[in-house]
Amino acid sequence: MALLVSSWSNGVQSVPKDYVMPPERRPRDFVSVCDEIPVIDLQENPKADRSDIIQQILKACQEFGLFQVINHGVSEKMMEDMRVLYHEFFNMSVDDKLGVYTESFGKGCSLYTSGLNYAKEDVHYWKDTLKHPCHPLEEHTPSWPEKPTRYREDVGRYALEVRKMGFKILDLIGEGLGLNKGYFNGVSQEQAMAINHYPPCPDPSLAMGIGGHTDPNLITFLQQDQYGLQMHKDGKWMGIDPIPNAFVVNIGYQLEIISNGKLKSVEHRGVTNSTTARTSIVTFFGPNPGLPVVVEPAKELVTSTNPQMFKSYQYNNFIVDYMAYVRKPLPRSGTPLDPYRL
Ligand SMILES: O=C(O)CCC(=O)C(=O)O
Ligand SMILES: [Fe+2]
């Protein structure tokens, strides 16, 4: 438990040496917040009908692999309740957190620190994460934290609301790509949450909250309370403006493959700051990583002028390869998509 950054970092004056990133992995240059990242209003009105919204989403997924949504249907009250709940969670006593604490990332519900393999890392990330599966709820809520006492009920309701929003957005993407309605149902049975907590860091220029990575799943929805998220585009890191009550939506590897390369997955990372703790509440949709779900470019998108770009494969195998890739020491060559290209 002593390992959790939130349990030892309060008041530290300097970054401990096993958290000081080598120069090439530091946040480096000042990164400005990018105001080109699309903010899409999901509420249909006379000015923005469904086909307008679909076009905006597709364009954003092709150019950026990431966008923000507002008027998405998840109530502001519920988003605020989540912020308060997780603030309380990460400020609980060590004893209260012990029930879900694990030495490293694992299956089921776990509270762990840094990256996916603390023991084997040469340098650690300035982050603690609580993560757990969410669907179906009845199967997973018994493994969730018991404290704060409202945790299971409130997070359960949030997970259902985010699920509705998620499928609404997937339907819009599917319609825009010309896929059969419900195409994504078979590749989005898994819904999981990761709540990342980045305590204030005495020198954010030396440390990293979460290193650059691309999500392996289908699509990700992120709620954030402070600046810290950055995306990599055209060789540069760009900051993402935290808009109150918006969700950041980013494309994962599976959606890039299913769209036969039309939609782009996006590399992103999280930096720390010296004054305020930051918490991101992240929901991942994707195939079940424990099952041999077949993923491949949608047949509708493969034509003689648009030949198939990726192989057909089983998602459980993809995840094994992805985990092996992210556990390799840096710098790594290639990307986890390379072995799947045709
Ligand atoms: O905390 C953030 O802003 C990024 C989190 C993230 O990328 C992830 O959990 O996959
Ligand atoms: Fe991510």
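Order of appearance sets the numbers: ligands from 1, and atoms from 1 within every ligand. When reading the values below, keep in mind they use all heavy atoms of this one structure, side chains included, and skip hydrogens, waters and symmetry mates.
- Residue-level proximity to ligand 1 for L222 is carried by the side chain, the only part with a heavy atom below 4.0 angstrom.
- Ion pair K147/E88 not flagged as a salt bridge, since none of the NZ, NE, NH1 or NH2 atoms sits closer than 4.0 Å to an Asp/Glu carboxylate oxygen.
- The proximity of T129 to ligand 1, defined as any non-hydrogen pair under 4.0 Å, does not occur for either the backbone or the side chain.
- At the top of the distance list for atom 5 (C) of ligand 1, counting protein heavy atoms only, stands N196 ND2, 3.3 Å.
- Each of Y315, Y253, Y322 was evaluated against N217; a single residue qualifies, Y315, per the side-chain contact (heavy atoms from CB on, under 4.5 Å) test.
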Under the ring pair (Phe, Tyr, Trp, His ring centres under 6.0 Å) criterion, do H124 and Y118 qualify, and how do the steps go?
CA-CA 7 Å; H124 306 304; Y118 183 91; 3.8 Å; yes

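- In this structure, NE2 of H268 and NE2 of H213 enclose an angle of 90° at the Fe ion (ligand 2), rounded to 10°.
- Every atom of ligand 1 with a heavy atom of H268 under 4.0 Å away is listed here by number and element: 7 (O).
- Close approach of ligand 1 to D215 is summarised as follows: ligand atoms under 4.0 Å from at least one heavy atom of the residue are 10 (O).
- Close contacts of ligand 1 with L229, meaning ligand atoms under 4.0 Å from a residue heavy atom, involve 3 (O), 4 (C).
- Using bins of under 30°, 30° to 60° and over 60° for the plane-to-plane angle, the ring pair F318/Y340 lands in the tilted bin.
- Among W126, F90, W8, the single residue meeting the side-chain contact (heavy atoms from CB on, under 4.5 Å) criterion with P199 is W126.
- At least one heavy atom of H213 lies less than 4.0 angstrom from ligand 1.
- Of the heavy atoms in S280, only side-chain atoms (C-beta onward) come closer than 4.0 Å to ligand 1.
- The shortest distance between side-chain heavy atoms of F247 and M79 falls below 4.5 Å.
- Taking a 4.0 Å cut-off on heavy atoms, R278 registers as neighbouring ligand 1.
- Heavy-atom distances between Q224 and ligand 1 stay at or above 4.0 Å for every pair.
- In this structure the side chain of V155 reaches within 4.5 angstrom of the side chain of Y86, judged on heavy atoms.
- Using cut-offs of 30° and 60° on the angle between ring planes, the pair F285 and F221 is perpendicular.
- In this structure, G270 falls outside the shell of residues with a heavy atom less than 4.0 angstrom from ligand 1.
- The name of the N, O or S atom in D215 nearest to the Fe ion (ligand 2) is OD1.
- Interface atoms of ligand 1 facing Y198, defined by a heavy-atom separation under 4.0 Å, are 1 (O), 2 (C), 4 (C), 5 (C).
- More than 12 heavy atoms of other residues, nucleotides or ligands lie within 6.0 Å of CD in E24, so this atom counts as buried by the packing criterion.
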